[in-house]
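See structure below.
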Amino acid sequence: MTSSLNLQEWFGGIDIYLFDQLLKGRLAPGMSVLDAGCGGGRNLVYLLRSGFEVFGVDESSAAIAQTRRLAAELNPNLPETNFRQEPVERMSFADEGFDSVLSSAVLHFARDEEQWNSMVKEMWRVLKPGGIFFARLASTIGIEDRVGLIGGRRYDLPDGSQRFLVDEAMLLNVSSALAGEFIEPIKTTVVQNLRAMTTWCLLKR
């Protein structure tokens, strides 16, 4: 039997680890979801199609314009003001307004630890109690001997890029300081020893 479902049309370029959260039922239609650092909206296609109350922020005006166009096409009932050009560490949304906050491939672009912490605290601020925080970010986990420290937590990676990298101890310490509850263990994928991407998922109590 063949299926007529077009997965690319329904899910776009969604992060496979965010897709995993959908499969586990942690994100459900009707929830308010903020994509903090949304880019052009690659992780929002399914959410826009499926009745989520979707919001996004990004520093890039071009990215926000693209996300607004995507939202207008897939869920025209959403106001443009749901998508805002502003930095993750200084968002204009009210406290505790979202059922879930997503941060996919954003935190490793932090300039330094101060900015990284500011972004995390701000995303936590706008998350409701009982809400889910999902982050996918670069780390040193599994490639400790292949990265070169520049200063602070910025490193040269084997793939030629420079990133702000966390390690397991840092994620555990920050999670404890936030009083966040792990909804699954920290998971890391090492990509051919060129970079390591870690999934960090917390419940806000």
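The structure presented is a predicted model; accordingly, all values stated were derived computationally and were not measured.
Using a 4.5 Å cut-off on side-chain heavy atoms (C-beta onward), Arg84 and Thr67 make no contact. Side-chain contact between Ile186 and Glu168: present, with at least one pair of heavy atoms (C-beta onward) separated by less than 4.5 Å. Looking at Val45 and Leu74, their side chains come closer than 4.5 Å, going by heavy atoms from C-beta outward. Within the 4.5 Å cutoff, the side chain of Lys204 has heavy atoms near those of the Glu96 side chain. Between Ile143 and Val190, some side-chain heavy-atom pair lies under the 4.5 Å cut-off. Considering only heavy atoms from C-beta on, Asn75 stays 4.5 Å or farther from Val54 through its side chain. With contacts defined as side-chain heavy-atom distances shorter than 4.5 Å, the pair Met123/Phe133 qualifies. Taking 4.5 Å as the limit, every side-chain heavy atom of Leu127 sits out of range of all side-chain heavy atoms of Asp99.
Annotation: the span from Gln66 atom CD to Arg69 atom CZ amounts to 6.0 Å, rounded to 0.5 Å. Of the inter-residue distances, the one linking Phe134 atom CZ with Ser104 atom OG reads 5.5 Å to the nearest 0.5 angstrom. Between the CE atom of Met170 and the CG atom of Leu165 there is a distance of 10.5 Å, given to the nearest 0.5 Å. Taken to the nearest 0.5 Å, the OG1 atom of Thr140 stands 15.5 Å off from the CZ atom of Arg195. Annotation: the span from Glu86 atom CD to Met91 atom CE amounts to 7.5 Å, rounded to 0.5 Å.
Under a cutoff of 6.0 Å and an axis angle of 45°, Arg153 and Trp116 do not form a cation-pi pair.
When hydrophobic clusters are built by joining Ile, Leu, Val, Met, Phe, Trp and Tyr residues whose side-chain heavy atoms come closer than 4.5 Å, directly or via intermediates, Val126 is grouped together with Val88. Under a hydrophobic clustering in which Ile, Leu, Val, Met, Phe, Trp and Tyr are joined whenever their side-chain heavy atoms come within less than 4.5 Å, directly or via other members, Leu18 and Leu7 fall into the same cluster. At a threshold of 4.5 Å between side-chain heavy atoms, the hydrophobic network of Ile, Leu, Val, Met, Phe, Trp and Tyr places Trp124 and Phe182 in one connected group.
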Q: Check the pair Leu22, Ile14 against side chain to side chain contact (heavy atoms under 4.5 Å, CB included), reporting the backbone distance first and the verdict last.
A: CA-CA 11 Å; Leu22 290 170; Ile14 193 170; 3.7 Å; yes
Q: Report the C-alpha distance between Leu107 and Val120 in whole Å, list the side-chain angles of each, state the deciding distance to 0.1 Å, and finish with yes or no for side chain to side chain contact (heavy atoms under 4.5 Å, CB included).
A: CA-CA 8 Å; Leu107 285 166; Val120 171; 3.9 Å; yes
Q: For side chain to side chain contact (heavy atoms under 4.5 Å, CB included), just list the numbers for Leu102 and Cys38, CA-CA rounded to whole Å, side-chain angles, deciding distance to a tenth of an Å, and then say yes or no.
A: CA-CA 9 Å; Leu102 314 178; Cys38 60; over 6 Å; no
(Q) Using side chain to side chain contact (heavy atoms under 4.5 Å, CB included), reason through Val101 and Ile132 one step at a time and then give a plain yes or no. (A) CA-CA 6 Å; Val101 175; Ile132 291 173; over 6 Å; no
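A centroid separation of 6.0 Å or more is found between the aromatic rings of Phe164 and Phe109.
With 3.5 Å as the limit, one finds no donor-acceptor pair spanning the side chains of Ser103 and Arg136. Under 3.5 Å, the side chains of Glu59 and Gln85 contain no donor-acceptor pair of N or O atoms. Side chain to side chain, Ser175 and Trp200 meet the donor-acceptor criterion of an N or O pair below 3.5 Å. Side-chain N/O atoms of Ser161 and Asp159 include a donor and acceptor closer than 3.5 Å.
The nearest pair of heavy atoms linking Ala72 to Pro76 is O-CB, 3.4 Å. Pairing each heavy atom of Ser32 with each of Gly97, the nearest pair is OG-O, 3.4 Å. Between Ser139 and Thr198 the shortest heavy-atom distance is OG-OG1, 2.7 Å. When every heavy atom of Gly41 is checked against every heavy atom of Leu70, the shortest pair comes out as O-CD2, 3.5 Å. Shown here for Cys201 and Gln21, the closest heavy-atom pair between the two residues is SG-NE2, 3.8 Å.
Between Glu181 and Arg205 there is a salt bridge, since at least one side-chain N of the basic residue sits less than 4.0 Å from a carboxylate O of the acidic one. Between Lys24 and Glu184 there is a salt bridge, since at least one side-chain N of the basic residue sits less than 4.0 Å from a carboxylate O of the acidic one.
Applying the ring pair (Phe, Tyr, Trp, His ring centres under 6.0 Å) rule to Phe83 yields no partners; only residues at least two apart in sequence or on another chain are considered.
Annotation: Glu9, atom CD; neighbour count of heavy atoms from other residues, nucleotides and ligands within 6.0 Å is above 12. More than 12 heavy-atom neighbours from other residues, nucleotides or ligands sit within 6.0 angstrom of CD on Gln162.
Taking the six-membered ring where tryptophan is involved, the planes of Phe11 and Tyr46 are essentially parallel, since the angle between them stays under 30° and well short of 60°.
Between Asp35 and the options Leu47, Val106, Asn43, a side chain to side chain contact (heavy atoms under 4.5 Å, CB included) holds for only Asn43.
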